[in-house]
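These notes are about the structure you will find just below.
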2 protein chains.
Amino acid sequence: MKLARDGKITKEMEIVAENENLDSEFIRKGIAKGRIIIPKSNRRNTKPLGIGEGLLVKINANVGSSKTVCDLENEVEKAKIAEKFGADTIMDLSSGIKESDVKNIRKRILEEIKIPLGIVPIYQSALRAIEHKGAIIHLDEDDLFNVIEEQAKEGVDFFTIHVGVTKEIVNYLIDHPRTMGVVSRGGTFLAAWILHNEQENPFNEKYDYLLEMAQEYDFTLSLGDGMRPGGIADSTDYAQIRELMEISKLVKRAWNANIQVMVEGPGHIPAHEIEHNIKIQKSLCDGAPFYVLGPLTTDIAPGYDHIVSAIGGTLAGLAGADYLCYVTPSEHLGLPNKEEVKRGVIASKIAAHTVNIARYGKRASKIDYKMDIARKNLNWKKMIDYSIDPELAREIHSRSGETDDDEGCSMCGELCAIKMLRDALEQKRE
Amino acid sequence: MKLARDGKITKEMEIVAENENLDSEFIRKGIAKGRIIIPKSNRRNTKPLGIGEGLLVKINANVGSSKTVCDLENEVEKAKIAEKFGADTIMDLSSGIKESDVKNIRKRILEEIKIPLGIVPIYQSALRAIEHKGAIIHLDEDDLFNVIEEQAKEGVDFFTIHVGVTKEIVNYLIDHPRTMGVVSRGGTFLAAWILHNEQENPFNEKYDYLLEMAQEYDFTLSLGDGMRPGGIADSTDYAQIRELMEISKLVKRAWNANIQVMVEGPGHIPAHEIEHNIKIQKSLCDGAPFYVLGPLTTDIAPGYDHIVSAIGGTLAGLAGADYLCYVTPSEHLGLPNKEEVKRGVIASKIAAHTVNIARYGKRASKIDYKMDIARKNLNWKKMIDYSIDPELAREIHSRSGETDDDEGCSMCGELCAIKMLRDALEQKRE
C-alpha cells in the first residue's frame, strides 16, 4: 500500500491488472485508496490476486480439521480440490486436538497450494491456552500475538482478527440476549475472555502492535465479524452494526499505517436485508473490500447450504460485495468431505460469475457466449469443455449412451427444437 | 373467475385462503382482477392451489419421457418424488416415441399425484402428426385442438400454449438471426409450421375457440414463451419482448372471457436484466401471474443448473415473479434421474422460500425461527426435523459417529462457540 501511495506500480499490480484486463494504474490507484487489496505475504511466493472495487468477484474456500475429524492429508487434499475447482484463496480453519496438529496441517497446505492462504490465528492460540493453562479464558496477549508472528513468518497471506469485539458490545449482550448468541468461534473466544477477565479485547487495545506486525511481514488484515448473526432471527441487529462501526474506525487506522485491510460481513441475512447490509459497510468503511460469509437467506436448508449461500452471495455481490466465502452442503451438520468441498466451491463460483456478468458484461461473459454457440451447433465436445465441471457434464450427458459426437440429445430426441428451426430458417434464408 | 367476479367465494377460494393465512375475500378479489389463479380442472379432484399477487411463491417440477428415455413407471416415480419434496405442481412434458406412450404416462401421473398437473399439448399433437402424416409441419388445427380437448377431459389443470408465436415474429427471425434461435420446443414446432405453411399460428387465430374450451373444462391457460432466450447472448431481445406484447393482449382477451390465465417468462437472463424483465411483464400484463422458467444467470454450469436457477428464481421472485419452474442438475445434458428431480425441487423450494421470507417476513419464516432456537439449544433432533431434507441432514450429521442426542458437533468439538458463550453469558446474568 505504501508503494502504491508513492506512485509505484509493482510487479504484483501488473500481474493483477493483466489477469483482470485492466490498466495497472487503475490497480495502483485502487490500492492507494484502500479499495483494492493484493493479499500476499512477503515470505511466500503465491500468485498475486486482487480483491476489491472494479475487479472480478473472488471466492474463498475454508478447510481445516476439528477435534473429531482430524486427518492431515485429507485436509491438504481438500485444499487442493478447492484450488483445482477455482477457489481464489484458501482459509485453513483447523482447530484439531493439539496445537501441533494445527501447525502441521498449515505447513503442508502452505507447501501444496499456490493461492493466498488465510488463517484465524486465535484458534491456535486457544489450543495453546488449553494445553498449557487449562482453558481459553486464561490465554494472554503473548498467546495471541506470538501465534500471529509465528504464522506470519511461515508466509500466511491474510489474517482474520476479531478486533471489533469490544467489551462494550459483549456487555451489551448480557442484558440484550440474541436468539443465537454469538456464532463466530473467534468472536466467542474473545467474548468469553472479555467476560471472564473483565478487560478489553487485546487485539483492539494493541491494534497498533498488530499493524506494526502487518507492516513487517506484509500480510493483509481481515477484520472479522464476531457479531455476525447466527440465524435470520438475529440479522442486522444492534450488536452486528455496532461492531461494524467499530471496525470502520479500525479500517482507517490500518490505512493510516499503510496496511491493506478488508472487512468481513454476515452471515445469516434474509434476502431483503442483504443490499443495505452491503451498502452500509461500503459507506462506513469508505469502500474497503467487503468479504461476506454466505450470506444465508434461510436457515432450514442444511445439506443444501451451498445453494443458499450461492443465492445470498449473488445478492451480496450485486449490491457490491467483493469476495465471497463459500459454504459447503455440510455446513451446520459437520465438516465437509472432499466432494462437498468441490460442490461448495462450484456453487460459490457460479454466484461470483453471475455477479461478474451482471457487473462487467462481456468482460466476464465471453465463456457464456462461447457456450451458446457450441449449443447452437450441438457441438457436445465444446459444450462439455466450456462447462464449469466438464467431468460431471460428460458423465450426465453420456448416461443415456450418447457420445460427444452425437447431434441432438436424449432430452428431445428427434424433436430437437434447436435443430428443427435452425434448418427451417436456413431454408427460408436461401 | 366468473364466480369471483360475481362476488361468490367458492370452497376452493376458502381452502387457498386458509393455506395462505389470508382472508378469503382477498383471494376472491385477486381472482376477479386476474392477479390470482387457482389452476384446477373440473374433472379431477386436486388440492386447490393459489398462484399470484400476495400469495407465497410456488414451484413447478417437470417430468416426462423422451425418445431415448422412455420408462412409464420411472416418470410416475419422478412425479411422486417431486410431490414428496414439495413441488406445488407437476408438468408432464413427455414426448416419447409413440403417442400412446405419452397418453399412458399422463394417465398414470393423473392417478398418482394430488397436485395440479400441467401439459404442453402440442407435444402429443406433434407425435400424432409424425405418426399419421410423416412430419410435424403437416399437423392441422384438428391435431392441435382435439388433443387439448382429450387432455382436458382427463382432468389436466393447466395448459401451456404458445399463442404468442406469430407469423410476424417468426418472419422477423429470418432476417434477424439470434445466437441460439428458438429453444422452446412448442415454440419451435409452431415456428417451423408457420414457416412451412406460410399461415398464422392456429392457436393465435382460433384463440376464441381455445377460450371456449377453457370455459367448458375450467382449465387455466399458461401463455408459453416460445421466444424465450436460449442463452444469455439472446436475453431481452426484440423477439422476446415482441412476443410478450402479443401475449399481453391475449391475457386481456382471456379475462374478458372469464378465463384464468398466467404468463410464462424466460429463460436465460443475466442477473442485472431479471428485475426489469419481471417488471415489464407485470406492467404490460396488468399484474397477471408470472411463471418463470429459471431464469438462468449463466450458461456455463451444466450439472449445476439447479443452483443457477435457484439464483435466478430468487432474483425473479424478489422482483415479483409468482411461480418458479424448477431446473434440474441435468438440464442441457439429458433427462433427469430421480435424484436429480429431488435436487431440482429442493433448489427451487429454497429460492421460493428465500423470496417468501423477503416478501412476507414471519408469515414465511416461522420455521426458520424454530430452527434458530433448535440450533441455539443444540437440539439435533429438532434441527433435523426442521430441515428441508431431514434424511440428508441426518446422514451428513451422523457421518462422524454422532447421534441426534449429542450436544455440540464435529465442526468445532470442544470449541463450540454457541455453548461456550451461552454458558459465559448465563453466568454473568445470574
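Just so you know, these numbers use all the heavy atoms, side chains as well, and skip hydrogens, waters and symmetry mates. Here is the naming used below: chain letters follow the sequence lines, and residue numbers restart at 1 for every chain.
For a residue to count as touching a neighbouring chain, one of its non-hydrogen atoms must lie under 4.5 Å from one of that chain's; by this rule A:Glu273 does not touch chain B. Both the backbone and the side chain of B:Pro177 come within less than 4.5 Å of a heavy atom of chain A. Contacts of A:Arg178 with chain B are made by backbone atoms alone, with heavy-atom separations under 4.5 Å and no side-chain atom involved. Both the backbone and the side chain of A:Tyr304 come within less than 4.5 Å of a heavy atom in chain B. At a 4.5 Å heavy-atom cutoff, B:Val355 makes no contact with chain A through either its backbone or its side chain. For A:Leu93, no part lies under 4.5 angstrom from a heavy atom of chain B. Heavy atoms of B:Thr314 lying under 4.5 Å from chain A belong exclusively to its side chain. Using a 4.5 Å cut-off between heavy atoms, B:Asn337 contacts chain A through both its backbone and its side chain. Within the 4.5 angstrom heavy-atom criterion, only side-chain atoms of B:Leu318, from C-beta onward, approach chain A. Only the side chain of B:Ile346 comes within less than 4.5 Å of a heavy atom in chain A; its backbone stays farther off. Interface remark: B:Glu340 contributes side-chain atoms only to the contact with chain A (heavy atom separation under 4.5 Å).
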### Task
Go through the steps to decide whether A:Ile130 and A:Ile136 satisfy the test side chain to side chain contact (heavy atoms under 4.5 Å, CB included), and finish with yes or no.
CA-CA 6 Å; A:Ile130 291 171; A:Ile136 291 174; 3.8 Å; yes
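Among A:Arg375, A:Arg394, A:His397, the single residue meeting the side-chain contact (heavy atoms from CB on, under 4.5 Å) criterion with B:Pro302 is A:Arg375.
Across every non-hydrogen atom of B:Ile269 and B:Ser235, the tightest pair is CD1-CB, 3.8 Å. When all heavy atoms are compared, the tightest approach of A:Tyr123 to A:Gly186 is CE2-N, 3.9 Å.
In terms of non-hydrogen atom pairs under 4.5 Å with chain B, the most contact-rich of A:Ile274, A:Ile174, A:Ile367 is A:Ile174. Listed options A:Met383, A:His196, A:His353, A:His306 were ranked by heavy-atom pairs under 4.5 angstrom with chain B; first place goes to A:His353. Ranked by heavy-atom pairs under 4.5 Å with chain A, the first of B:Gly181, B:Pro390, B:Ala191 is B:Ala191. Interface remark: of the candidates B:Leu195, B:Ile388, B:Leu315, B:Leu195 forms the most heavy-atom pairs closer than 4.5 Å to chain A. When A:Lys349, A:His272, A:Lys362, A:Glu395 are compared by the number of non-hydrogen pairs under 4.5 Å with chain B, A:His272 comes out ahead. If you tally non-hydrogen atom pairs under 4.5 Å between each of A:Thr297, A:Ile300, A:Leu392 and chain B, the highest count goes to A:Ile300. Per-residue counts of heavy-atom pairs under 4.5 Å with chain B were compared for A:Pro329, A:Ala310, A:Pro336; the largest is that of A:Ala310. If you tally non-hydrogen atom pairs under 4.5 Å between each of A:Asn171, A:Ile373, A:Leu173, A:Asp175 and chain B, the highest count goes to A:Leu173. With chain A as partner, the option from B:Ala364, B:Ser387, B:Ala351 having the largest number of non-hydrogen pairs under 4.5 angstrom is B:Ser387.
A side-chain N or O of B:Ser95 and one of B:Arg185 form a donor-acceptor pair less than 3.5 Å apart. For the residue pair B:Thr298/A:Asp368, the side-chain donor-acceptor check at 3.5 Å is satisfied.
For the pair A:Ser348 (side chain) and A:Val345 (backbone), a donor-acceptor distance under 3.5 Å is absent.
Taking the charged nitrogens against the carboxylate oxygens, A:Glu339 and A:Arg343 do have a contact shorter than 4.0 Å, which makes a salt bridge. With respect to A:Arg228 and A:Asp234, no salt bridge is recorded, no charged nitrogen being found less than 4.0 Å from a carboxylate O. In summary, A:Lys342 and A:Glu391 do not engage in a salt bridge, as defined by a charged side-chain N under 4.0 Å from a carboxylate O.
The side-chain heavy atoms of B:Val308 and B:Ile311, taken from C-beta on, include no pair separated by under 4.5 Å. Considering only heavy atoms from C-beta on, A:Ser184 comes within 4.5 Å of A:His162 through its side chain.
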